[in-house]
Amino acid sequence: MNKLFLTILLFSISFFSFGQIEIILEAGNPATFESALNDIGSNRGTITIKRKVIVSSPTTVPENITLNFFNGGMLSMSTTLALNIEGNIISPLNPIFEFTLGVPVNHNLTIKNKNQTIYPEWFGTCTYQDSSITDDKNTIQTAINALEPGGEIVFKGNYTVNGPINITLNEAAIRIKGIGAYMYGSSSDDTNYIRNNTTGIDSPIFNISAYGIRLSDLNFRGKTKSNKGSGAVGRALNFVRANGSKDLDAAISNCMFVDFRTAIYGEGANLKITDNTFTASYMGVYINQASRDTIGDASKANTRGHIIDRNRFHSIGSNLPNDSLVGSTAIKILGTEPYTALEELHLTNPTGTVKYFQDYAIRGYYNHISNNYADDCKTFFYGTVDRTKIDGNSILLSGGTAINIYGGEHGAITNNLIDGSFRWNGNQLYYSGQEDLVPTGHGVQVEYANFLTIHDNQILNKRKHGIYIIKSKNSSIQSNTIKNFNRHYHLASGLGGTQSNFDYPAQYDGIHIDCTTKVDGQGYNIQNIVTNNVIGIPLQNVSARYGIYMGDGDSYGFLKDNFIVSARLVQPILIETPTGVCSSITEDN
């Protein structure tokens, strides 16, 4: 005891003249730690902790005092104790908090200094540090619970969790960061990741019910390595507000997601997802579309304000003919409720028992999906496009329909590059010797979406239609370049290489607008402006049906001024006469 007092006295005198006091604790009982706090008082000072120091009563470390932990130094306390640390902490990546009743999941340890970065390793030894440890969930959860709103936690190692880590309103607006290390994809080389070790198909790593969360520079891995998403389980991030609020106001940037069923899932408004990499997963981003109800019912959360920009999506479903990959897509904004074609139903039910679109509030809108790079994905986008912009994306080697629109009004699909060929060589459709992997699908498909702008897209080498309109009226389809649609011919290594010709009929078109059931002599797909498009089949030995097919006619004269090269087409343009019934030309979708 005399030795400890002498040490305190010497250091106090040594630093007092500079306005700083340092007290060194080799080890101590509760009175020792409390005495050190009292000795520093309101002065600026440091308590250096070299061994275990016991804390047995609610304690506050004020902002003027720094805790400096050496290897082996820690504060030992009861699981239910309130310890508020308002000052800074200096420590290596070792446990500095010991809980006598085991690691708590909901502990009231609080680090109030929002500028203080904390680390999971401070709250327990992690799996990458000790091979006998198999789960970091409770350690990470305790660290998260220790943060005040606005605080920051940094992950520097590799971690495994066997269950969701919950982020609630108590941790609103916290920052979750890694160190920006690249993840190669094989477990032996991966660095700086959190691995989801659960078997639940929708079980996440982070279950986020708070607003304002920022995640950056961190990698996420699914339970097992998947083949382009086949058999993948779990989620990385799950954003659902617990109190029914719509506002997520979260941002995810410079992260990598590998081997997930769904990498990011969200319900609500305002997710900003930028500069990330998604690979070998069934689905990259899934935003659950808000329900639509009669106007005046504002109980449903909005699905709006999502920005998905400058990400890379790789091997999301691909063109593998695997039943487990049906529905795989890089980005999905669509709910479980079917999108009812309200106007069409009204036309067929003149009694008025079915409402018009304007009688409903549609709350999925104003989303921006732009400047993304997707390669080897089955579908790039699937979902509703209410006041949504899909612009400037490069969608290469799309194994299915590249952009699949189901519902919405006033969306803009512009300036996208869509190429269905293999490895972006216009002569190739698949790996040599893998004829069963011929890509399929359309360039852009539209169903129950009106008043769209489909402009300035490059659509190349798609197996089916370039642009396929199932149900759309009052839309503008202008200035698109559509080449080598109905693509059925493969050149293995250029014009001089081995050729493979599939015996497919010329059944697909550059722009195909379906014929629909007529009501009073008028179909659904009317008043669509189709003009200034460039359509042709420059690749020899490829043939197609029509450059443009207008299934519901062109009663308003909106089809004009298109440049169509007739070579290798059955007919440049076919306009059906609206007679009340459709011709034999149908689409198998």
Side-chain angles (χ1 to χ4, degrees), residues 105 120 126-128 133-141 144 155 157-168 176 178 183-187 190-210 213 215 218-240 242 248 250 252 255-268 271 273 276-288 308 311-318 320 322-332 334 336 377-378 382:
V105 173
C126 295
T127 53
Y128 78 93
I133 299 173
T134 59
D135 186 10
D136 294 313
K137 176 186 181 302
N138 284 347
T139 298
I140 296 173
Q141 185 72 73
I144 293 288
F155 294 82
N158 298 333
Y159 310 83
T160 296
V161 297
N162 295 334
I165 299 161
N166 297 309
I167 301 177
T168 67
I176 301 172
M183 184 166 65
Y184 296 93
S186 64
S187 59
D190 291 348
T191 56
N192 197 211
Y193 63 78
I194 303 178
R195 176 173 173 261
N196 189 342
N197 196 38
T198 62
T199 58
I201 193 168
D202 294 327
S203 181
I205 292 176
F206 286 114
N207 188 36
I208 302 169
S209 58
I213 306 303
L215 295 104
L218 184 59
N219 300 316
F220 298 89
R221 288 182 54 209
K223 180 177 176 61
T224 57
K225 189 172 179 62
S226 71
N227 185 12
K228 303 180 186 295
S230 177
V233 297
R235 295 172 177 171
L237 308 176
N238 193 75
F239 292 91
V240 180
L248 300 173
I252 306 101
C255 296
M256 187 169 185
F257 302 86
V258 180
D259 297 322
F260 287 98
R261 174 71 177 182
T262 302
I264 298 176
Y265 175 85
E267 294 179 14
L271 278 178
I273 303 170
N276 304 285
T277 298
F278 301 83
T279 187
S281 296
Y282 175 81
M283 197 170 297
V285 178
Y286 179 11
I287 307 297
N288 201 327
I308 305 173
N311 302 283
R312 185 194 179 194
F313 298 89
H314 173 65
S315 292
I316 309 293
S318 184
L320 294 179
N322 190 321
D323 290 343
S324 69
L325 293 175
V326 173
S328 174
T329 181
I331 301 168
K332 179 178 179 180
L334 189 68
T336 55
C377 297
K378 188 173 292 294
Y382 174 52

**Report entry** Candidate pair Thr160 and Asn197, rule side chain to side chain donor-acceptor pair (under 3.5 Å), full reasoning
**Finding:** CA-CA 6 Å; Thr160 296; Asn197 196 38; over 6 Å; no
Report task. May I ask you to decide if Ala263's main-chain N or O and Tyr286's side chain share a donor-acceptor pair within less than 3.5 Å? Result -> no
Query - Rounded distance (nearest 0.5 Å) linking atom CZ of Arg195 with atom CG of Asn219 - result: 14.5 Å
Query raised in the report: Thr139 and Cys126: side-chain contact (heavy atoms from CB on, under 4.5 Å), yes or no, with the steps?
Result: CA-CA 8 Å; Thr139 298; Cys126 295; 4.3 Å; yes
Query raised in the report: Below 4.5 Å, heavy atoms only, C-beta onward: do Phe206 and Leu215 meet side chain to side chain?
Result: yes
Query - Flag side-chain contact, heavy atom, 4.5 Å: Ser281 against Ser226 - result: no
Requested in this report: Would you check if the side chain of Thr329 reaches a backbone N or O of Ile331 as a donor-acceptor pair within less than 3.5 Å?
Outcome: yes
Requested in this report: Classify the ring geometry between Tyr128 and Tyr159 as parallel (under 30°), tilted (30 to 60°) or perpendicular (over 60°).
Outcome: perpendicular
Query raised in the report: In Å and rounded to the nearest 0.5 Å, what is the CG to CD1 distance from Leu325 to Ile316?
Result: 10.0 Å
Query - Side-chain heavy atoms of Phe239 within contact of Ile264, under 4.5 Å - result: yes
**Report entry** Test item: Thr199 and Lys223 side chains (from C-beta on) under 4.5 Å apart, heavy atoms
**Finding:** yes
Requested in this report: Please report the C-alpha distance between Ile176 and Ile167 in whole Å, then the side-chain angles of each, then the deciding distance to 0.1 Å, and finally whether the side-chain contact (heavy atoms from CB on, under 4.5 Å) criterion is met.
Outcome: CA-CA 11 Å; Ile176 301 172; Ile167 301 177; 3.5 Å; yes
Query raised in the report: Is there side-chain contact between Lys137 and Asn162, with at least one heavy-atom pair below 4.5 Å?
Result: no
**Report entry** Separation of Asn192 CG from Phe155 CZ (nearest 0.5 Å)
**Finding:** 9.5 Å
Query raised in the report: Quick one: do the Thr279 and Ser315 side chains pair a donor with an acceptor below 3.5 Å?
Result: no
Report task. Would you please classify the geometry between the Phe278 ring and the Phe313 ring as parallel, tilted or perpendicular, with 30° and 60° separating the classes? Result -> parallel
